[in-house]
Amino acid sequence: ITVGTQIQEVKISGTSDRIDLANNTLRVIDYKSGHTDPKDLVFTDSGKVSDKWFQVMQYAWLFNKDAKRKNLPKDMVSGIYPLGTLKSGFLPVIYNGAPQLTEEAFNTFENILHDLLETLFNKEIPFTQTLRETDCTNCQFKELCRR
């Protein structure tokens with residue numbers, strides 16, 4: 001990534017809970033123990049995305065990068081299986097009204113990721129402590145910021 005005139009190397013990784021093949025479509029799946037609102041998995045043109053959308057898109061994006069090197073089906077979806085409400089079934093990410101992930105969807109994710117990384121590495125933008133203390137519950141740095 002390039003921030004200003006500086007080039008910063010960034011390693012992106014992630015581990016999905018499951019990758020399977022259903023009806024000749026690759027599914028990249030994350031299990032969630034609580035409730036998931038299907039609206040959290042819909043991409044809108046506002047540019048703002050939920051953390052759940054971002055997470056499962058990251059897994060699919062990473063897998064897609066690897067899948068291009070292998071002879072795998074081209075159809076791919078990514079989403080969440082909410083274990084708290086199993087009757088909901090698999091909830092896919094929706095991009096442009098469809099669950100099928102396209103190169104456009106992956107390019108959009110890449111642009112969002114790039115913008116996020118540019119912000120993180122921009123020394124002109126200070127880090128600020130979150131105002132939502134519930135975000136700190138499982139944070140490994142909560143002792144550092146004294147929450």
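Index from 1, following the sequence. Please read all numbers here as calculations on a predicted model, not as lab measurements. Only heavy atoms go into these numbers, but all of them, side chains included; no hydrogens, no water, no symmetry mates.
Hydrophobic clustering (ILVMFWY, side-chain heavy atoms < 4.5 Å, transitive): V93 and F43 are in one cluster. Cluster membership check: L101 shares its hydrophobic cluster with I19, using side-chain heavy-atom separations under 4.5 Å among Ile, Leu, Val, Met, Phe, Trp and Tyr. Residues M57 and I94 are members of separate hydrophobic clusters, defined by side-chain heavy-atom contacts under 4.5 angstrom among Ile, Leu, Val, Met, Phe, Trp and Tyr. Following chains of ILVMFWY side-chain contacts shorter than 4.5 Å, one can reach L120 starting from V10, so the two form part of one hydrophobic cluster.
Put simply, OG on S78 and CZ on F106 are 7.5 Å apart, with the number rounded to the nearest 0.5 Å. Expressed to the nearest 0.5 Å, how far CE of M76 lies from CZ of F63 amounts to 5.5 Å. Expressed to the nearest 0.5 Å, how far CG of L91 lies from CG of D30 amounts to 11.5 Å. Here NZ of K39 is found 12.0 Å from OG1 of T44. Values are rounded to the nearest 0.5 Å. In this structure, NZ on K52 lies 7.5 Å from CG on L41, to the nearest 0.5 angstrom.
Scanning all heavy atoms of the two residues, the minimum distance from V28 to Y59 falls at CG1-CB, 3.6 Å.
Counting non-hydrogen atoms of neighbouring residues, nucleotides and ligands closer than 6.0 angstrom, the CG atom of D20 exceeds 12 such neighbours. The environment of CD in E103 is crowded: more than 12 heavy-atom neighbours from other residues, nucleotides or ligands sit within 6.0 Å.
The closest donor-acceptor contact from the side chain of D17 to the backbone of Y31 lies under 3.5 Å. Under the 3.5 Å distance criterion, the side-chain polar atoms of N23 are left unmatched by any main-chain donor or acceptor of T25.
Residues K32 and L83 fail the side-chain proximity criterion, which asks for heavy atoms closer than 4.5 Å.
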### Task
Go through the steps to decide whether I80 and V56 satisfy the test side chain to side chain contact (heavy atoms under 4.5 Å, CB included), and finish with yes or no.
CA-CA 7 Å; I80 291 175; V56 293; 3.8 Å; yes
### Query
Please walk me through it: do L116 and I112 pass side chain to side chain contact (heavy atoms under 4.5 Å, CB included)?
CA-CA 6 Å; L116 174 64; I112 292 169; 5.6 Å; no
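Geometric assessment of R18 against the ring of Y81 yields a negative cation-pi assignment under the 6.0 Å and 45° thresholds.
Every residue two or more places apart in sequence or in another chain that forms a side chain to side chain contact (heavy atoms under 4.5 Å, CB included) with Q58 is listed here: I12, F54, L62, F109.
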